[in-house]
2 protein chains.
Amino acid sequence: MRANTEATGGGVGDVPAASGRAAGGRDKGRYHHGDLRNALIQAAIELAGEGGPDAVVLRAAARKVGVSATAAYRHFDSHGDLLGAVKDYGQQRLVACMEAGGREVHGEGPEGTRRRMMALGRGYIRFARQEPGLFRTAFCRKALGEVGITEDGSVIEAGGASGWDTRSFEMLTETLDEAVAVGLIAPDRRPGAELSAWAMVHGTAMLFLDGPLDTLTEEESGYVVDRVLHDVLAGLAAS
Amino acid sequence: MRANTEATGGGVGDVPAASGRAAGGRDKGRYHHGDLRNALIQAAIELAGEGGPDAVVLRAAARKVGVSATAAYRHFDSHGDLLGAVKDYGQQRLVACMEAGGREVHGEGPEGTRRRMMALGRGYIRFARQEPGLFRTAFCRKALGEVGITEDGSVIEAGGASGWDTRSFEMLTETLDEAVAVGLIAPDRRPGAELSAWAMVHGTAMLFLDGPLDTLTEEESGYVVDRVLHDVLAGLAAS
DNA sequence: TCCTCTATGTTGACGCCGTGAACATCGGTG
DNA sequence: CACCGATGTTCACGGCGTCAACATAGAGGA
């Protein structure tokens, strides 16, 4: 971090989720932008949405805001730092999409819980399909100092599991606990169940985006998603 | 494609899988390399193995071989073309790793088939963990003309499901058919089963690499993999 | 009120990247 | 042997991330 990045907490939080034209350039050539950090993040988010993580180009974001490239360095340590901000935003959007899906289902008992789990998974995959660029950015490596190669050629991987929004994991955990309480999942199959569930959903999303499922229509993909989610629930339910 | 890329079929095939020092530079300054295309692919494979798809830098590969950067354009259309060759190679290695896993299991009947499916999945994930750079490259987008942005800003996604090695999919299909024949999977649950199986395995691999499972030890991850594979089989077996 | 100090921008430069154009060299075919 | 196409080379361009030096606006104290 550098300069005032500490002050804004490094989060994205107050970026207007979808403010149309990126606040398109400052009015009347003010020398100081006023909110350049968030403006750059917003521009970078749009780039990511259109072209994925590789499209998040520092100079392009600066151009969009109407500011010189190096101005970004007053607010971000590096290109990876900016990308990390977009990554955080993407993860938040993913969580929001899951929550939106879960809120629509209100049923009680085993069937209600089952439908809620399905809704969670559908929300996850819906976000991946509707916002592929952001989804890929949310799961891309190489934000901040995650990977790099030192001058002597050795590979460095700093950070470990850093930079992960744990909220989506918590949502899954809560719903799985509910599923056990309600008798949907056998208690002895509970430990580690979030892994199977998450892997299945995430894998399905990846196959939709980068795999051989990328040509399916909306309707076909609906069947696929239901089938996959049904299978993972069946696998967890089996005694 | 350009020049003689047609002649070698665009495949990698005859690249020595792991020839230590990349054939380290031509001897005695011969003007013509003799096998530059494969030498560049080999160098690019090493780059990918060390740093993933982003490390596959055309100029770096040329440097490794001891040749000028533009020489690569006699054998590849573009950077994406070279990356595509590495991608193909990575997919072949993945298939090889799955086959190696499957060959170790010889049992007959339901239990044998079950163990064979587990071995296939373990091979998939073992490759992802042992060769993360190659694995990521095998599944990276942006080889050849897969994605791009036109001058007017619109996003173009050419190719569709192109560039996919279908062999791994076939192996899965065969084993699933075997599982039905042997009574492991209910026939009515067979259609679409490869999707669930693949999604689960691929998702687990992704969570190991880019997700929150990247800190697990070898032993821990073994349990995780077994658990996940067990779950997906249970899900398919349930009537 | 004015002066100064610091946060925030700008310009210029560097080395790396992918890529095209023009030129050089080798090796096989008439 | 003379030639020609395949295969390399050098040079050049614009774009990228990033650093150093300089410019400016706006806030807080004299």
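First the proteins, then the strands, lettered A, B, ... as listed; each starts at 1.
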Open item on the list: I'd like to check B/Met206 versus B/Phe139 (side-chain heavy atoms, cut-off strictly below 4.5 Å). Are they in contact?
Closed with: no

Could you go through residues 126-134 of chain A and list every donor-acceptor pair under 3.5 Å that involves a side-chain atom there, pairing it with any protein atom two or more places apart or in another chain?
unit_1: A/Glu131; atom_1: OE2; unit_2: A/Arg93; atom_2: NH2; d: 3.4

TODO: Ignoring backbone atoms, establish whether B/His75 has a side-chain N or O less than 4.0 Å from OP1 or OP2 of D/dG8.
DONE: yes

Open item on the list: In whole Å, I'd like the distance from the CZ atom of A/Arg59 to the P atom of C/dT11.
Closed with: 12 Å

Open item on the list: Reading DNA chain D from 5' onward, which residue's closest nucleotide shows up sooner: B/Gly34 or A/Ala69?
Closed with: B/Gly34

Open item on the list: Identify the stems formed by DNA chain C, where each pair is Watson-Crick or G-U wobble with both distances under 3.5 angstrom and a stem is at least 3 consecutive pairs.
Closed with: C:1-30 with D:1-30

TODO: Look at the rings of A/Phe135 and A/Tyr124 and say which category their plane angle falls in: under 30° parallel, 30 to 60° tilted, over 60° perpendicular.
DONE: perpendicular

- [ ] Ignoring hydrogens and angles, answer whether the base of C/dT19 and the side-chain atoms of B/Ser78 contain a donor-acceptor pair closer than 3.5 Å.
- [x] no

- [ ] Nearest whole angstrom, please: distance from the P of D/dG26 to the CZ of A/Arg74.
- [x] 16 Å

- [ ] May I ask you to test the B/Cys140-B/Leu83 pair for a side-chain heavy-atom distance under 4.5 Å?
- [x] yes

Task: Charged N-O contact under 4.0 Å between A/Arg227 and A/Glu220 - done: no

Task: Spacing between A/His79 atom NE2 and C/dC17 atom P, to the nearest angstrom - done: 16 Å

- [ ] To the nearest Å, give me how far apart CG (B/Leu83) and C1' (C/dG18) are.
- [x] 13 Å

Open item on the list: Measure CG/B/Leu82 against C1'/C/dC17 and give the value in whole Å, please.
Closed with: 14 Å

Task: Atom-to-atom span, CG of A/Leu47 to P of D/dG17 - whole angstrom - done: 10 Å

Open item on the list: Without decimals, in angstroms, what is the distance between A/Tyr73 OH and D/dA21 P?
Closed with: 17 Å

Task: Partner set under ring-ring contact (aromatic ring centres under 6.0 Å, His included) for B/Tyr223, not counting sequence neighbours - done: none

TODO: Whole angstrom is fine here: how far is it from CZ in B/Arg63 over to P in C/dG15?
DONE: 14 Å

Task: Rounded distance (nearest 0.5 Å) linking atom OG1 of A/Thr175 with atom CG of A/Leu120 - done: 5.0 Å

